[in-house]
Amino acid sequence: MDISQPKFLLIDGDGHVLGTCLDAEGVFVEPVEGDGPVTVEILGCLSSRRLRDYLDGSKRYRLRNPLRLEGLRMLDVAGQPLADFWVSEIIEWRPSRLGPERADIIAEWGYDSPQASTRHIWERWRTARPDQINQWAVYDPEGRREWLTIVGRSRFRQTGPVDRPAGRVYYLDGFHVTDVTSFYLAVGEAINGPGGYFGWNLDALNDCLCGGFGAMTPFTLVWSDSQVARRALSTLMEQVDHAPASFDTIQTIFAERDVRVVLG
């Protein structure tokens, strides 16, 4: 393990870094029965002064100086933030075998933990962010949904891309739009490039068309191979969105937000 390359940051409720951490076990969870607590073991945590004082202090000190945790921030191999996971409370800790100044911390893990079966997709994003469109197309429906989850939770999406001026033309590659998830992946990449976000359901798509997500309306969307989506979305969107949505519903939303769609 490269001790100069942390994989996670422990973040408090004000967004401050409490510690840089080399690894974590239990980030990716197996499905469990019941509502029992889930924990994560944060390994090789180089603590800030505030966290170190908390861990070294007495129980009385910790009660008087509580830590308000916010999350565990996953970093990519370049050290850039990828996504945040919710962490509730530190349960126990011990000196780490990864260094004399480091600690291993066990904390209560959040409800938003990714499934163990999707770890390979997260690791792919950690190793190399998408640099071409349709890299998600090789995955089955579960894998595509997790790819969309990463797109939606990525720190890039949270900070928000700068809107490009109105009047632009964007190109949606519809060849792989065979389910509802792949529509949102494809439209996100049409607007914001590989790995880009532009909604994950109809309400979010509508919000994105109001600005603040990479494009200002009016604009033109050239949708190639649209017949693939027309066949697939007529049934699939009803099942996923629990509403009478269809290929035509998407066109209506675009039209209401002053987007000209050219179907190819």
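These numbers come from the heavy atoms of this one structure, side chains and all, not from hydrogens, waters or symmetry mates.
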- Should Tyr170 and Val259 count as side-chain neighbours, where that means a heavy-atom distance under 4.5 Å? no
- Task: Please examine the side chains of Leu67 and Ile90, heavy atoms only from C-beta on, and report whether any two atoms are closer than 4.5 Å.
- Result: yes
- Query: Between Asp104 and Arg97, which heavy-atom pair has the shortest distance, and what is it?
  - Reply: OD2-N, 4.3 Å
- Message: I'd like to check Arg129 versus Leu82 (side-chain heavy atoms, cut-off strictly below 4.5 Å). Are they in contact?
- Response: yes
- Query: Can a donor-acceptor pair be found between the side chains of Arg49 and Tyr54 at a distance below 3.5 Å?
  - Reply: no
- Query: Around atom CD of Glu101, are there more than 12 heavy atoms of other residues, nucleotides or ligands at under 6.0 Å?
  - Reply: no
- Item | Test item: side-chain donor near acceptor, Asp173 and Asn134, under 3.5 Å | yes
- Message: Could you check whether Arg145 pairs with Glu142 (Lys NZ or Arg NE/NH1/NH2 to Asp/Glu carboxylate O, under 4.0 Å)?
- Response: no
- Do you know which two heavy atoms are closest between Cys45 and Gly19, and how far apart they sit? SG-CA, 3.9 Å
- Note on the structure: In short, Arg144 meets His176 closest at the heavy-atom pair NH1-O, 3.2 Å
- Looking at side-chain heavy atoms only, is the closest gap between Asn65 and Asp53 below 4.5 Å? no
- Note on the structure: Looking only at heavy atoms, the pair that brings Pro114 and Glu146 closest together is CB-OE2, 3.7 Å
- Task: Verify side-chain hydrogen bond (donor to acceptor under 3.5 Å, both in side chains) between Arg124 and Tyr139, making sure each step is shown before the conclusion.
- Result: CA-CA 12 Å; Arg124 177 171 179 174; Tyr139 295 107; 3.1 Å; yes
- Task: Work out which heavy atom in Val177 is nearest to a heavy atom in Leu172; give both atom names and the distance.
- Result: CG2-CD2, 4.4 Å
- Task: Sort and list the pairs that fulfil ring-ring contact (aromatic ring centres under 6.0 Å, His included) and have at least one residue in residues 70-92, not counting sequence neighbours.
- Result: Phe85-Trp109, Phe85-Trp122, Trp86-Tyr111
- Look at the side chain of Asp23 and the backbone N and O of Lys7, then say whether any donor-acceptor pair between them is shorter than 3.5 Å. no
- Would a line drawn from the ring center of Tyr184 to the ring center of Phe198 be shorter than 6.0 Å? no
- Query: Without hydrogens or angle criteria, can the side chains of Asp258 and Thr217 be said to hold a donor-acceptor pair below 3.5 Å?
  - Reply: no
- Message: Would the distance check show the side chain of Arg73 and the main-chain N or O of Phe8 forming a donor-acceptor pair, the cut-off being under 3.5 Å?
- Response: no
- Quick check: are there more than 12 heavy atoms from other residues, nucleotides or ligands sitting under 6.0 Å from CZ of Phe28? yes
- Message: As a quick check of understanding, evaluate ring pair (Phe, Tyr, Trp, His ring centres under 6.0 Å) for Trp223 and Phe183, giving each step before the final call.
- Response: CA-CA 11 Å; Trp223 188 335; Phe183 163 71; 5.6 Å; yes
- Side-chain contact test, heavy atoms from C-beta onward, threshold under 4.5 Å: evaluate it for Arg68 versus Asp12 and give yes or no. no
- Item | Side-chain heavy-atom pair Thr127, Asp76 within 4.5 angstrom cut-off | no
- Query: More than 12 foreign heavy atoms under 6.0 Å from CZ of Arg164: is that the case here?
  - Reply: yes
- Note on the structure: In short, Glu189 meets Gln132 closest at the heavy-atom pair OE2-O, 4.2 Å
- Task: Check Ile42, Ile105, Leu9 against Cys21 for a side-chain contact (heavy atoms from CB on, under 4.5 Å) and give me the one that passes.
- Result: Ile42
- Near Tyr61 OH, under 6.0 Å, is it more than 12 heavy atoms from other residues, nucleotides or ligands? yes
